[in-house]
Every structure is written in C-alpha cells, then in structure tokens.
Amino acid sequence: MTNSEIAAVFDRVADLLEYQGGNVFRVRAYRNAAHTIGGLVEPLATVRSDEDRALTDLEGIGDDLADKIEVLLDTGRLPLLEELKTQVPAAAFELMRVPGLGPKKVKQLVDTLGIDSLEALEQACREKRVEGVKGFGAKTQAAILDNIAFAKDPAHARMLWNDADAIIQDILGWMRTCPQARQVEGAGSWRRGRETVGDLDVVVDSHAAAAVMDHLERWPGLAAVLQRGDTKTSIRGPQDMQIDLRVVAEESFGAALQYFTGSKEHNVKLRSRARDRGLTINEYGVHRLSTAAPPARGDAIAGRSEADIYEAVGLPWIPPELREGGDEIERAELGRLPTLVELADIRGDLHMHTTATDGEDTLADMVRAAIDRGLEYVAITDHGQRVTMARGLDRTRLLKQWDEIDRLNESLASDGHSPITVLKGIEVDMLEKGGLDLPDDVLALADWVVASLHYGQQQPRDRITARIVEAIENPFVRVIGHPTGRLLNRRPAYDVDMAAVIDAAARTGTFLEINANPWRLDLDDRHAAAARTAGVPLVISTDAHSTRGLDMMRCGVLQARRGGLEKGDVANTRSLADLRRLMAKKG
Ligand code: DGT
Ligand code: CA
Ligand code: CA
Ligand code: ZN
C-alpha cells in the first residue's frame, strides 16, 4: 500500500468514528496520523524495513497506529475499518466529501431524511426538505447545493502547489544523482507556480535515455510505472501524483524545457509569432520553416537554452510565472516585462498567530523563528474575540499580550542592536451585522490591524461587500486579510464585489493581503494584478499558525509573481521606516 492509501484509510476511520460520536481524542489521533503520512515522501514500507528506525519515530504515530500500519502494509486491509463500515451506512462517506458537511451533519441528514446518496441529497435540497432539518435552514441548503457542484468539479481534485513541490524536489534531487543525467529541471504548471498542479513534468538532458529511465524506476517514491517509452516515461508517485519524465539531447534541452513548461496558451502564441518570422518551434528546437519536416538534428537555429528560444523570435526570456498566454508576449516585445518580486526582497511578515489563540507556537518561538529567517519586523496578529473557536482575544487579554510584546522588544534591544521589531497587531473580525469585534479605542493602540471575514460567508454579495468596505473605511484597519475567503479544493470564495473592494482600498490607503497559505493564496494572481493597477499596495503575509508556517512566504511570493508584481508593489519589501511612511497615507 502507498502512503496516500494508508492515509486515506486513517482518514476514513476518523470520519466513521466521528460519525458514531466517538471519542474526540481518538478521532484526532487518526486524523493527525493521516496528515503526517500523507505529507511523507518516503514510503512507510521503507521506514519500516530500515533497522535503524521505527514507525513510532514519526510524529503522532504511537504503538497502536504503528501496528495498524504494519497490518495495512502486510495485508492491505484494516479490520477496524471493515468493522466500522458495517456499522455506518454506505452513503455516509460519500456525503462527507461535500465541503462543509462533516460527519455529524451527515448523520443528521441520514437519520432524519434517510439520504442514501449524493444524488438523493441533491434532490432533497431541490425539494427544500433539507431546510426543515434541525440546524440546517434555507441558507445551508443552498450552500450544500453549491458545494455538491463544487465537489463534483474535477478542477478541485488537483494537488496544491506546495505539496506538489515537496514531491518534485525529491524527484529532482534523486534524478540529479543519475550519472547519465547532465541537466535535470522541473517544468509544467509547477514551474509556472500555479496554485494547483495536475501532474508533474521533468525534463532531463542525456544521451542515455534508458539508463535515466532505469534510474527513475529506482526512485524510492515510485508507486507504479504507468508507461515507458523511448523518450518519455510516466510514473505514479506519492499521493497518486503522476510524473512525466522526458529525456532529450543537450542541443534540445532548452527547447524541451520551454515546450513542457507551457502553458499551452503561451506556446500557441509563441509558435504563431515564430511562424510570422518564417520559423517553427517545437520541443526539439527552432527551425526555419523551409527545412523539410521533421527537421534533422543539428540544423536548428536555437534549442540549447530557453533564452536562445526566445531570442530566436526576437524576445527577451520570459519568467515562467508569466507564461499563461495573457499579454506577456506583447509586454516582452515592448521591453515592458516587470522585474518580479523575489523571496529575498521580503523584509517583514505582517500576519501570524501564537498560542494566545489558535497558533501552535508561543510568541517567543514565533519571533525567534522569524529572526532565524532573516526578517526585520513581524506583526503578531492573533484573532479578535469573535473567533470563539480559537479563544479570540478580548481587550484585557490583547492588552496583556501587547505588554508582553513591549517587554520582548526591550529585551531584544538590550544590547543596543535589536535583530527584529515586533509590532503589536491584531486580526479583527468583521461581524455579521457589520462593525468589528474590538472597539476603535483598542485598535488605536495597535501598530498593525488586519481585518478579516470569517463568519457569515453565505451572506449575499452586497452585504459581504458592504462589510469589507466598512472595514476598509475604519481608520485603524491597515490591511484586509485573505480578501475573498476561498480555500482551494474545499470552499469557493464568498460572493464579493472585488472591484468595489479594490476601489475602496485605493481611495483610503488601505492595503490588501496576498495570504501565502497554500490553501488560500488569496488574493489570487488576477486580483493581485488588478489591485496593483489600481495603485493599492499589496502585503504578502504567511498567516502562520506555527513556526513552520513562516516558510510558506515563498508560496505567496510565487502568486505575487504570477500577478506581475514588482518589489515596489509589495509593502513588506520596505524597511520598517518606509512601511510606516506608506501607512501614514491613510486617514
Ligand atoms: P497541469 O499538469 O494540468 O497542472 O498543467 P501543465 O501546464 O503542466 O500541463 P501538462 O502537464 O498537460 O503539459 C505540460 C506542458 O507541455 C504544457 O503546459 C504545454 C506542453 N504541452 C503538453 N501537451 C501539449 C499540446 O498538446 N500542445 C501544446 N501546444 N503544448 C502541450
Ligand atoms: Ca503538468
Ligand atoms: Ca504532464
Ligand atoms: Zn490569521
């Protein structure tokens, strides 16, 4: 069994236990185990067979779970799951895949309406039978209908970029140890930094294709070989991810890298530009149209490097993040390609949580981790009191945290040179009825205020937009956090008029966030580009809930690059003094 299959078994056990109203700690143990295993590139079978290691070395895997993993590896089945399946209706699991329908809600629908399939649930919503069930109502019923459509859409089954990145880094590292491989690069949507990835594409420069493919087949992450040919092999890796590997000769490597980086739309435009110049481009190189097809090796006018390919059609090299078939070729032609923001430009992180609310690490740990990452300033922005699930801060607890931050800043500066400045921040919530969850006299004392919308996401477009615009108009609100609320693969954005939000932000000098969490990436590339055009400063923030979360900054930077953002468009590339000058433009 692969890791992803084992993770899926544990997730299913957790769902079914929860459905039965099982012990919450037991449910959580299975969920955590599924999470750990799902994120592991190395196969569990390898860990188990290594004499120097034990399955129980893995985070959240105790003796009991280790035993169950061994049973799964040996037999491919888990008696506990088989037993649970006999106790829970077959449809329950299918229904739990609908975003927003947890095990408890599903149980209620099954028990009261006898729902036995996704189709039956859809039907019941249409016939308005769900709104009558206790705890549901008309709004929830409408949301379920939307979410069934969302769950059925294959576009929502793609892997998050950050997870795909872990897999491709492992495979690139492995392939670079192959003696016959001279250059090894990742291509496709991963290289373009798309928020989700369908499959992974790898291009290898070698004259010994068979040896390269043999090496690929020995990759520890390999689950199955799907297809092996002379120049291309496709395999299945961890979490069912497909990987396509192509082997080309050195003189074609740049052409292949360009071709397989795509996007398809970008390539179509590039080819048509080539044709206008009497040239043809394919994965082997750029040739004159007059030469007989297929062109013989060696007569290409470009192919070795990507820059050569673009140069052959009179263009500068275009960064992969911009190759989506928009106006990047026209901009390149005019010499107007942006100089894209880079991770190294980022000097501060202005959205993060601590153990005071729903973070996993303490204030001191978060700040230490930020120093280790070379940041010059951070804002601590725990939740305001409305977020009761996260034990959101009321006035008293917030002021107490700010005292702690004062003392921390003092101690950091005790030798006269502080490595970092910690800003006193808060993530206030926009209330369902309008307004914020902490009063202005408290916000006036903050260095940095993020306002976010977590509740009442089903409200109609004009209500949601009005709530956000009202927050923007609050003189103390500096930035709107994750402005559309989308969660990739899980939940669509709430219905909001982004043009009105961008407009209000521009008018008031309020910033908009690019939330770097790989599930969010919100604003997305297009909205970020629109905000830039309107002159709204963007802030790329991790919204970290642990020290590891701080490393997600790179995902946000990638999204910003896709939106064509330059260093100057991103407020947290500035020094703290310059950031404060920019903040002073509001109100
Ligand atoms: P994905 O895998 O769905 O996230 O997206 P991509 O862009 O990685 O697409 P993929 O893996 O099908 O192909 C990788 C690149 O190869 C693609 O961006 C452009 C190029 N390519 C593949 N098939 C074709 C094709 O039939 N025509 C053209 N023009 N380009 C193609
Ligand atoms: Ca791909
Ligand atoms: Ca592919
Ligand atoms: Zn947050």
Side-chain angles (χ1 to χ4, degrees), residues 14-22 24 27 88-153 156 358 383-392 428-437 451-471 481-497 519-520 522:
D15 283 338
L16 297 181
L17 286 172
E18 202 177 344
Y19 185 93
Q20 293 183 322
V24 289
V27 171
V88 170
F93 189 72
E94 190 189 3
L95 297 175
M96 282 182 236
R97 281 202 304 239
V98 177
L101 275 191
K104 286 180 193 124
K105 280 194 165 161
V106 168
K107 182 162 178 21
Q108 220 173 344
L109 291 171
V110 171
D111 290 353
T112 54
L113 298 176
I115 303 286
D116 60 1
S117 68
L118 210 53
E119 287 66 37
L121 178 59
E122 225 174 335
Q123 178 97 15
C125 287
R126 293 230 169 78
E127 292 168 1
K128 303 198 185 305
R129 284 185 283 131
V130 170
E131 65 182 39
V133 179
K134 187 163 179 273
F136 280 79
K139 275 186 206 156
T140 312
Q141 178 173 270
I144 291 173
L145 264 183
D146 283 351
N147 287 338
I148 290 176
F150 189 87
K152 279 183 173 171
D153 184 343
H156 301 135
D358 58 353
H383 290 287
Q385 57 194 0
R386 172 65 185 88
V387 188
T388 45
M389 261 170 34
R391 296 185 311 113
V428 286
D429 243 69
M430 303 172 200
L431 299 173
E432 291 95 316
K433 61 179 192 326
L436 302 172
D437 66 345
S452 303
L453 191 151
H454 292 108
Y455 294 92
Q457 298 197 12
Q458 308 295 343
Q459 288 179 352
R461 185 179 178 89
D462 56 340
R463 274 302 305 145
I464 300 255
T465 306
R467 285 165 68 192
I468 298 177
V469 170
E470 187 193 8
H482 42 75
T484 79
R486 73 159 176 186
L487 286 179
L488 289 162
N489 292 347
R490 288 194 204 158
R491 185 175 82 197
Y494 36 71
D495 196 2
V496 54
D497 179 353
W519 286 100
R520 292 192 180 275
D522 175 12

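For the single chain, residues carry numbers from 1 onward in sequence order. These values consider heavy atoms only, across backbone and side chains, with no hydrogens, waters or symmetry-generated copies.
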Heavy-atom side-chain proximity of D146 to R491 below 4.5 angstrom: no
Please set out all donor-acceptor pairs under 3.5 angstrom arising from side-chain atoms of residues 100-110, sequence neighbours excluded.
unit_1: K107; atom_1: NZ; unit_2: D111; atom_2: OD2; d: 2.9
unit_1: Q108; atom_1: NE2; unit_2: K134; atom_2: O; d: 2.8

Side chain to side chain contact (heavy atoms under 4.5 Å, CB included) between L145 and E122: does it pass, once the steps are laid out? CA-CA 6 Å; L145 264 183; E122 225 174 335; 3.8 Å; yes
Could you tell me whether the side chain of L488 reaches within less than 4.5 Å of the side chain of D522, counting heavy atoms only? no
Working for side chain to side chain contact (heavy atoms under 4.5 Å, CB included), residues I464 and D495: CA-CA 7 Å; I464 300 255; D495 196 2; 5.6 Å; no
Determine whether Q123 and R129 make a side-chain contact, defined as any pair of heavy atoms from C-beta on separated by less than 4.5 Å. yes
Is R467 reaching over with its side chain to a backbone N or O of M430, donor-acceptor style, under 3.5 angstrom? yes
Here the gap from T465 atom OG1 to E470 atom CD, rounded to the nearest 0.5 Å, amounts to 12.5 Å
Given side chain to side chain contact (heavy atoms under 4.5 Å, CB included), test M96 with L16 step by step and report yes or no. CA-CA 10 Å; M96 282 182 236; L16 297 181; 4.2 Å; yes
Side chain of D116, backbone of A91: donor and acceptor closer than 3.5 Å? no
Does the Q458 side chain pair with the main chain of T140, one donor and one acceptor, at a distance under 3.5 Å? no
Close side-chain approach of L453 and D429, heavy atoms under 4.5 Å: no
With H383 via ring pair (Phe, Tyr, Trp, His ring centres under 6.0 Å) - residues at least two apart: H353, H454
What's the spacing between Y455 OH and M389 CE if we round to 0.5 Å? 5.5 Å
Between Q457 and Y494, is there a donor-acceptor pair closer than 3.5 Å when you use the side chain of the first and the backbone of the second? no
Looking only at heavy atoms, the pair that brings D437 and G384 closest together is OD2-C, 3.0 Å
Would you find a donor on one side and an acceptor on the other, under 3.5 Å apart, between the side chain of E432 and the backbone of G456? no
Taking all atoms of both residues into account, what is the closest heavy-atom pair of W519 and N489, and its distance? CZ3-CB, 4.4 Å
Taking every heavy atom of P483 against every heavy atom of I468, the minimum-distance pair comes out as O-CD1, 3.9 Å
For a quick test of reading the model, state the closest non-hydrogen atom pair linking A471 to L436 and the distance between them. CB-CD2, 4.2 Å
Taken to the nearest 0.5 Å, the spacing of Q141 CD from L121 CG works out to 9.5 Å
To check you understand the geometry: which heavy-atom pair defines the closest contact between A120 and I115, and what is its length? O-CD1, 3.9 Å
Would you indicate whether the side-chain heavy atoms of Y19 and P89 approach each other to under 4.5 Å? yes
Check salt bridge (Lys or Arg N to Asp or Glu O under 4.0 Å) between D15 and all other residues, then give those that pass, not counting sequence neighbours. R31
Can you tell me how far the CG atom of L431 sits from the NZ atom of K433, to the nearest 0.5 Å? 4.5 Å
